[in-house]
Asker: 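First, the structure itself, so that you have it in front of you.
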Amino acid sequence: MSYNFQDIETKWQKHWAKNKTFKTTNDTSKPKYYVLDMFPYPSGAGLHVGHPLGYIASDIYTRYKRSQGFNVLHPMGYDAFGLPAEQYAIQTGTHPAITTDQNIKTYRSQLDKLGFSYDWDREFKTCDSSYYKWTQWVFIKMFESCYDLKADKAVSIDNVVKHIEAQGSKGLHFACNEELVFSKEEWNSFSEEKREETLQNYRLAYLADTPVNWCPALGTVLANDEVKDGLSVRGAHPVEQRIMKQWNLRLSCYAQRLLDGLDKIDWSESIKEIQRNWIGRSEGAEVLFKLKGQDTGFEIFTTRPDTIFGVSFMVLAPESEWVQKVTTKEQTSAVENYLEDCKKKSQRERMTDVKKVSGVFTGAYCTHPFSGKDIPIWIGDYVLGGYGTGAIMAVPAHDTRDYAFAKHFNLPITEVVSGGDISKESYDAKEGKLVNSDFLNGLEVKEAIKKAIAQIEEKKLGVKKINYRLRDAIFSRQRYWGEPFPVYYKNGIPKMLKESELPLELPEVDAYLPTETGEPPLGRARNWHNKDGDAYELSTMPGFAGSSAYFLRYMDSQNNKELVSKEAVSYWQDVDLYLGGSEHATGHLIYSRFWNKFLFDLGIAVKDEPFKKLINQGMIQGRSNFVYRLKNDVNKFVSVGLKDKYDTQELHVDVNIVENDILDTQAFKKWRAEFAKAEFIFEQADGKDVYRCGWAVEKMSKSMFNVVNPDLVVEKYGADTLRLYEMFLGPLEQSKPWNTQGIEGVSRFLNKFWRLFHNDNEQWELSNAEPSKDELKVLHGTIKKVHEDIENFSFNTSVAAFMIAANELGKLKCNKKAILEPLVVVLAPFAPHFAEELWNQLGHSESITTAPWPVHEEKYLVESSYNYPISFNGKTRFFIEISLDADAKAVEELVKSHEETIKYLDGKPIKKLIFVPKRIVNIVI
RNA sequence: GGCCCGGUGGCGGAAUGGUAGACGCAGCGGAUUCAAAAUCCGCCGCUGGUAACAGUGUGCGAGUUCAAGUCUCGCCCGGGCCACCA
């Protein structure tokens, strides 16, 4: 007989829900611990077996921490605004709210079947107006803030106004789009419109003409992280560059803090590295190159000021404002033609044509700041308008791109750093001595950079400068299904709603498409204006808006007066453990860190970094099966072992009609009408004809017919078995394929464990006898191993430890309460229903959740001594295993006690004695 | 092109620098059974050998070490991220 998981799991799930077993209060008598899963976007397809992986791991850790005496916050909710529901609405006319609610229901029922210990009283979805009220509220705060570069934090925009009213733009130390110069008198004469326009230059949430990634197919702009290879991440539609008036968040002013913060948090090195690359800090200098014969010129940014004597031409980005200013009459038509060509190139073409060199001469020259030589000014699309100053000094000898350009247009190449062979390729390495470089000659690159910057600053040609690749975040989306901006326009001037007017709820529209005049869908809403008739903003916020502060909201999710109360946030502080996929590295995980830092500056968040420790669970891949159809006879299918003898076509087959790679041929004929008349060429196995399928590890997806639904697994094996198996599959952070076969192993384990408590007739049978030494060793070894494994998030090996324990106790025929009771507590985080049932049968009326974690006792684990000789490398070595706390003296005594054995082994004296700390003495004889 | 991560049986994977392959799946053999399911026991990297055993073995090549899957260097392969960022 085996245990009845269906009854047991339903029973305890109901019990937990009814008794609110996992409700968390702000109980300050206990230490807090906050475990958070990245909340899901509820898609229509529901969960597959890969989705719960992280939720299972976080639930295990949560339950473990609770048994360690922590008050654990472990909430769940839904990231509910987003494109798929809106796309579906466009196709079917169903309101996205309806689709979203249906999907959430499916998700919730799937989650409930797995026995998670979430505090569901804190649940919310981001499309609730009671939730997005606070997203709007933060936006208003950003609008009313600017970034003080001296204090290095966000402060009220009033500081800018006060400064300007006192002394104009002089000495302004606030992050801005561009340096403006005006006096306080001029400011006083500005119109209201002009004043607001000026302030937008400093606000953290600002409206600006921005070059954007416009996706015509989706009808919206996209953030940089939503575009890949010139195509939209969602739907893979082409994306083009456009200039549009958009809301932006001044993310860039937090670049350094976002970078520095990475050193303080316990995240995987790979995610930190991705974020460092994305922020893209580079140190260098900004240098002024004057136009020939003039006193004005343009600035360039370079990380290699040491190579300044190797400059042989300048390159402007096609978008640069200097293009028009410098182009000579003779070159005008050539330049115009080139600019026209650049415009026609889509973003995608520009990226795929990276290797193609293109450019045009402007006819103008700069004067070299040190040598005074003439330097021609070119235009090239390999220089980007949005980075640095949109202009570069080209040093072809030491930059691959400049080298290609110089070769293509036959421009001079001057070596200034020795060490390479510049006749074949550029020498980009930052190693070698400077040559042909006047005052820099003979210096190593690193020193030369310092000296060059010093000279540039001394001669007032430029300044040391740090540039970041991180740009401000474009915050407008021309979509329906998102948070409305709390903004209205009076005479074209954007104004914020008052806090008392929030939330501004999403209006109804007659269709989810742009209007005929090309306005966003909100342009269709009736009465989309305030009581004075001032129009509301037509864009909505992007997907990341709602997920940027949700971790704070869980601390106090029912609060309708504040985002989060002071008490709640000062108790819960930050997320101790955050689990989710690594695909959010450059999106959500940057935005939410930024958002949190802003709230920290405001004094709302109490921690500068929101997520102390981050774990990225790996993907569970699908294991696909294939059948092989003959190309010349489409009704014949050949078994994989014989397929090489035929000309075949590989077809995916539903993994649910394949077992152990053997195809159920009857089921196959019924699977699809086109296979009804299928015939098979079998291979032999055990004297039987079988059809064996090929297999491959691929992404789990419908089109590969390899999706495994957790509901079916739970039905067949139970939630506890699924939980254990998902953990057993392999290391949490690694991608690994799902293989339904293997689940039998953990299922057998649970039954074996069950049988330790019950006799063959399913009768409860436990003894109160004193445990033996061997039994105690198994118990304490398991407690210790599982404890260490959980702390290291090595759940696969802890499941293995349980299996070993069950096997050994089975062999010892151990049914002693003193051994089994603590083991149930250790198993509870992994198999909660199973453990709760046994705990109940053991006579406890309280939930096992309240049971403290058993402590292992080392004394049951220490071996007296264990030794073995080994011969290798032509020498005999003798190993003695010693206890963990032995000191050198104890080791010496131990060796002495083995002297006779050693002599017996080889008859030679001891040559060398090596004491390896902790465990082993290695004696060479 | 740059950076990051990985490469161990038929498969998923174990292994604080110390007997490589824990644990599970699959496979093979056996017990129990009228039979099956369930359960239990044994074998299970490769080569040779009936066996004891010997040799070999963690992508490849070197190095450090008494000792390397593990540390260092150089290559090869796979995956990820960024990608004309000056």
Side-chain angles (χ1 to χ4, degrees), chain A residues 1-2 224 228-229 268-278 280-282 284 300-304 307 315 317 350-351 353-357 380-384 386-395 398-402 404-405 428 467-471 582-583 585-586 619 623 660-661 685-686 695 697 724-725 728-731 733-749 751-752 755 760 788 794 796-804 807 810-811 868-870 872-873 875 877 879 881 884 911-914 916-925:
Chain A
M1 261 306 284
S2 56
N224 285 342
K228 222 196 136 179
D229 297 333
S268 76
E269 208 41 52
S270 69
I271 293 279
K272 287 191 192 179
E273 215 39 52
I274 291 171
Q275 293 215 343
R276 287 192 191 108
N277 287 341
W278 190 258
R281 176 189 157 108
S282 48
I300 56 96
F301 174 72
T302 179
T303 54
R304 295 294 301 274
T307 62
V315 189
R350 208 167 147 173
M351 290 173 106
D353 288 355
V354 161
K355 300 251 152 52
K356 269 192 203 161
V357 177
D381 70 353
Y382 79 98
V383 176
L384 304 173
Y387 183 77
T389 60
I392 62 153
M393 64 175 208
V395 185
H398 306 289
D399 183 285
T400 317
R401 297 149 301 175
D402 297 345
F405 197 84
D428 296 14
N467 255 331
Y468 300 92
R469 213 177 64 96
L470 187 74
R471 317 282 163 88
S582 56
E583 68 272 19
T586 54
M619 289 235 294
R623 189 178 187 279
N660 273 346
D661 291 338
D686 291 328
W695 64 273
V697 172
L724 281 164
Y725 186 54
F728 185 65
L729 273 177
E733 301 190 64
Q734 192 173 302
S735 287
K736 58 243 160 191
W738 176 266
N739 182 357
T740 303
Q741 272 169 49
I743 202 169
E744 295 283 353
V746 284
S747 172
R748 280 181 198 133
F749 153 71
N751 280 312
K752 202 176 279 184
R755 282 196 303 272
D760 294 344
E788 285 169 0
S794 174
N796 53 330
T797 50
S798 32
V799 177
F802 285 124
M803 289 179 175
I804 294 168
N807 272 332
K811 278 180 194 166
Y868 47 90
I870 302 170
F872 53 87
N873 275 8
K875 292 171 195 158
R877 288 164 209 287
F879 289 78
E881 199 163 315
L884 296 162
K911 264 190 203 159
K912 204 174 184 180
L913 186 135
I914 300 158
V916 181
K918 286 187 194 167
R919 213 157 70 104
I920 278 163
V921 184
N922 179 358
I923 305 157
V924 184
I925 49 180

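None of the values given here were measured: they were computed from a predicted structure.
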Asker: Return the nearest nucleotide to the side chain of D381(A); candidates are G24(B), A86(B), C84(B).
Answerer: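 So the side chain of D381(A) is nearest to C84(B).
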Asker: Check the distance between G24(B)'s C1' and R623(A)'s CZ and give it to me in whole angstrom.
Answerer: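 So the two atoms are 15 Å apart, to the nearest Å.
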Asker: So do the side chains of Y387(A) and T389(A) get within less than 4.5 Å of each other, counting heavy atoms only?
Answerer: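 Not touching, per the 4.5 Å side-chain cut-off.
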Asker: To the side chain of R748(A), which of A26(B), A86(B), C23(B) is closest?
Answerer: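 It is A26(B).
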Asker: According to side chain to side chain donor-acceptor pair (under 3.5 Å), who are the partners of R623(A), at least two apart in sequence or on a separate chain?
Answerer: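 In terms of side chain to side chain donor-acceptor pair (under 3.5 Å), with neighbours along the sequence ignored, R623(A) is linked to D661(A).
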Asker: Could you list the residues that satisfy salt bridge (charged side-chain N to carboxylate O under 4.0 Å, His left out) with R304(A), not counting sequence neighbours?
Answerer: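 For R304(A), the residues satisfying salt bridge (charged side-chain N to carboxylate O under 4.0 Å, His left out) (neighbours in sequence not counted) are D306(A).
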Asker: Rounded to the nearest Å, what distance is computed from the CD atom of residue E788(A) to the P atom of nucleotide A15(B)?
Answerer: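 Roughly 12 Å, once rounded to whole Å.
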Asker: For a quick check of understanding: with a heavy-atom distance under 4.0 Å over all strands, which category does R281(A) fall into, base, sugar-phosphate or nothing?
Answerer: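 No contact.
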Asker: To the nearest Å, how far apart are D428(A) CG and G2(B) C1'?
Answerer: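 Going from CG in D428(A) over to C1' in G2(B) covers 11 Å.
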Asker: Check every strand shown and say whether S282(A) touches a base, only sugar-phosphate, or nothing at a heavy-atom separation below 4.0 Å.
Answerer: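 It contacts sugar-phosphate atoms only.
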Asker: Side chain of T586(A): nearest nucleotide among C84(B), C82(B), A86(B)?
Answerer: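 Minimum distance to the T586(A) side chain belongs to C82(B).
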Asker: Does A26(B) have its OP1 or OP2 closer than 4.0 Å to a side-chain nitrogen or oxygen of N739(A)?
Answerer: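 No, N739(A) has no side-chain N/O under 4.0 Å of OP1/OP2 on A26(B).
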Asker: What nucleotide among G13(B), C23(B), A86(B) has an atom nearest to a side-chain atom of T302(A)?
Answerer: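 So the nucleotide nearest the side chain must be A86(B).
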Asker: When all nucleic acid strands are considered with a 4.0 Å heavy-atom cut-off, which category describes S582(A): base, sugar-phosphate, or nothing?
Answerer: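 Nothing, no heavy atom under 4.0 Å.
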Asker: Would you classify K272(A) as touching base, sugar-phosphate or nothing, given that sugar-phosphate means primed atoms plus P, OP1 and OP2, and contacts are heavy atoms under 4.0 Å?
Answerer: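 It contacts nothing in the nucleic acid.
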Asker: Select base, sugar-phosphate, or nothing to describe what N467(A) touches, counting heavy atoms under 4.0 Å on all strands.
Answerer: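 Touches nothing.
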Asker: Describe the nucleic acid contact of E269(A) in one word from base, sugar-phosphate, nothing, applying a heavy-atom distance below 4.0 Å.
Answerer: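 No contact at all - E269(A) keeps every heavy atom at 4.0 Å or more from the nucleic acid.
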Asker: Whole Å only: how far is the CD atom of Q734(A) from the C1' atom of G13(B)?
Answerer: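 Q734(A) atom CD is separated from G13(B) atom C1' by 8 Å.
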Asker: Which part of the nucleic acid, if any, lies within reach of D402(A) when heavy atoms closer than 4.0 Å are counted: base, sugar-phosphate only, or nothing?
Answerer: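 Result for D402(A) = nothing.
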Asker: Just to be sure I understand the rule, does I392(A) reach a base, reach only the sugar-phosphate, or reach nothing, if contact means heavy atoms closer than 4.0 Å?
Answerer: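 If one applies the 4.0 Å heavy-atom cut-off, I392(A) turns out to touch a base.
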Asker: Is G9(B) in the syn range, within 90° of 0, or in the anti range?
Answerer: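 Base orientation: syn.
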